[in-house]
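In what follows, a single structure is set out as structure tokens and then discussed.
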Amino acid sequence: MNTASLGLGTYRVQPASLADAVRLAASDPATAWVDTAPNYQAGRAQTLIAYALDGQPVPVSTKVGFLTPETTKAALADGVLSTDEAAAGHCLNAAYVHWQCARNRVELGRGHLDAVFVHNPERVATKPNEVLREAFTALEAEAAAGALDSYGVATWDGFDTGLLNVPHLDRLATEAAGTADHHLRALQLPVSLVTATAFRLALHGRGPIAQAGQRGWEVYASAPLFGGELPNLATRDLADLVGSELSVTQACLLAAASCPGVTRILLSSSDPAHWAEARAALEQPPVCVATLRKVLDVLAAG
């Protein structure tokens, strides 16, 4: 087991603080990573990130799927979006995926993208298999053209509801690529002591995190502190199960980072003290599976 690396998740970072958060994430080249989306910060996130990085070769993952008023207007004008898709506020058709990937590269100031996540495919109302296959086909074409390194699926509850499962995603990507050597290589989903369904399954070698790990995919844990609420929900006694020398916040982060199969923890913060605290926590050896099971059992009982 290895402790997951630290990265910046930009969803909850305020626009005025985003540049500071990006610089903090970039300050440790060994683990630096920034995760964003074109709809974050009212559509400003990628431009602000590009400004903050100022050409630094820090890996950035972004997304395709959700629309902003500005992208809706532009995509409609360019003929890559239907009026129904515009009304839904979410689109994964091939033309739009190509269009948004190109726009992501421009806004991030990069010739190619490190990783692109299909954003919350659970929002697809009809024919989700066909829609996902079409999106994957477009992303495989982007990869073949050298425009991106890999792609993945980012979801909030798609695995919990049963809409998504890793073997099926693997099959769709194989169909899209025409080979098992496809570029679907990552998942992003909530992993915390509160959003613990996939976490608990992983401790028994089952579920999406374990299945992704078996395939060598990256797993990004979003909302590891449950939107900042978890340190107020957890107790000192619970934290002591993880490590008595850790703060409650550190214990919560280390627990998520110790989940087998999780490779990166996405922290949303622009506070240097929070980053120092998180880095110190993730420098610790991973918590053993037996202890993690006990922690989750204590929370479930409470």
Side-chain angles (χ1 to χ4, degrees), residues 3-13 21 25 33-37 39-40 45 61-63 65-66 90 115-124 151-166 169 184-204 206-213 217-234 238 242 248-269 274 278 281-282 286-287 292-293 295-300 302:
T3 306
S5 300
L6 184 63
L8 172 66
T10 58
Y11 176 58
R12 290 183 174 271
V13 181
W33 192 281
V34 176
D35 180 76
T36 191
N39 60 305
Y40 290 175
S61 52
T62 187
K63 301 179 180 73
F66 283 104
H90 188 272
V116 175
F117 286 100
V118 175
H119 201 177
N120 286 24
E122 59 265 34
R123 287 287 300 267
V124 175
Y151 63 93
V153 173
T155 180
W156 182 254
D157 62 2
F159 291 108
D160 290 348
T161 62
L163 176 69
L164 303 174
N165 70 77
V166 168
L169 292 174
L184 172 59
R185 296 172 187 165
L187 298 181
Q188 185 178 144
L189 71 164
V191 181
S192 75
L193 296 180
V194 175
T195 48
T197 301
F199 193 164
R200 190 180 297 276
L201 287 170
L203 298 182
H204 295 275
R206 307 197 311 271
I209 298 173
Q211 291 167 341
W217 298 1
E218 300 291 317
V219 176
Y220 296 67
S222 58
L225 296 176
F226 195 57
E229 297 179 27
L230 186 51
N232 297 321
L233 299 174
L238 186 71
V242 176
V248 173
T249 297
Q250 286 179 312
C252 292
L253 284 172
L254 181 58
S258 300
C259 176
V262 170
T263 56
R264 191 169 299 276
I265 295 289
L266 297 176
L267 178 69
S268 291
S269 178
H274 290 170
L282 269 59
V287 183
L292 291 174
R293 289 176 179 168
V295 169
L296 291 179
D297 287 343
V298 168
L299 275 171

N/O donor-acceptor pair under 3.5 Å between [X] side chain and [Y] backbone:
{"X": "Arg185", "Y": "Trp217", "answer": "no"}
{"X": "Arg293", "Y": "Leu203", "answer": "yes"}
{"X": "Ser258", "Y": "Pro286", "answer": "no"}
{"X": "His90", "Y": "His119", "answer": "yes"}
{"X": "Ser61", "Y": "Ala115", "answer": "no"}
{"X": "Thr10", "Y": "Val13", "answer": "no"}
{"X": "Lys63", "Y": "Thr36", "answer": "yes"}
{"X": "Thr263", "Y": "Val219", "answer": "yes"}

**Request:** Give the minimum heavy-atom separation between Ser268 and Leu8, together with the two atoms involved.
**Result:**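 Shortest heavy-atom separation between Ser268 and Leu8 comes out as CA-CD1, 4.4 Å.
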
**Request:** Return the minimal non-hydrogen interatomic distance between Arg200 and Leu296, and the atom names on each side.
**Result:**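 Reported closest heavy-atom pair: NH2-O, 3.2 Å.
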
To the nearest 0.5 Å, how far apart are [atom1] in [X] and [atom2] in [Y]?
{"X": "Asn165", "Y": "Gln211", "atom1": "CG", "atom2": "CD", "value": "6.5 Å"}
{"X": "Asn39", "Y": "Asn120", "atom1": "CG", "atom2": "CG", "value": "9.0 Å"}
{"X": "Trp156", "Y": "Arg123", "atom1": "CH2", "atom2": "CZ", "value": "14.5 Å"}

**Request:** For the residue pair Tyr11 and Tyr40, categorise the inter-ring angle as parallel (less than 30°), tilted (30 to 60°) or perpendicular (more than 60°).
**Result:**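 Rings of Tyr11 and Tyr40: tilted, as their planes differ by 30° to 60°.
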
**Request:** Please lay out, stage by stage, how Phe159 and Val166 fare under the test side-chain contact (heavy atoms from CB on, under 4.5 Å).
**Result:** CA-CA 9 Å; Phe159 291 108; Val166 168; 4.1 Å; yes

**Request:** Mind running side-chain contact (heavy atoms from CB on, under 4.5 Å) on Leu266 and Gln188 for me, showing each step along the way?
**Result:** CA-CA 9 Å; Leu266 297 176; Gln188 185 178 144; 3.7 Å; yes

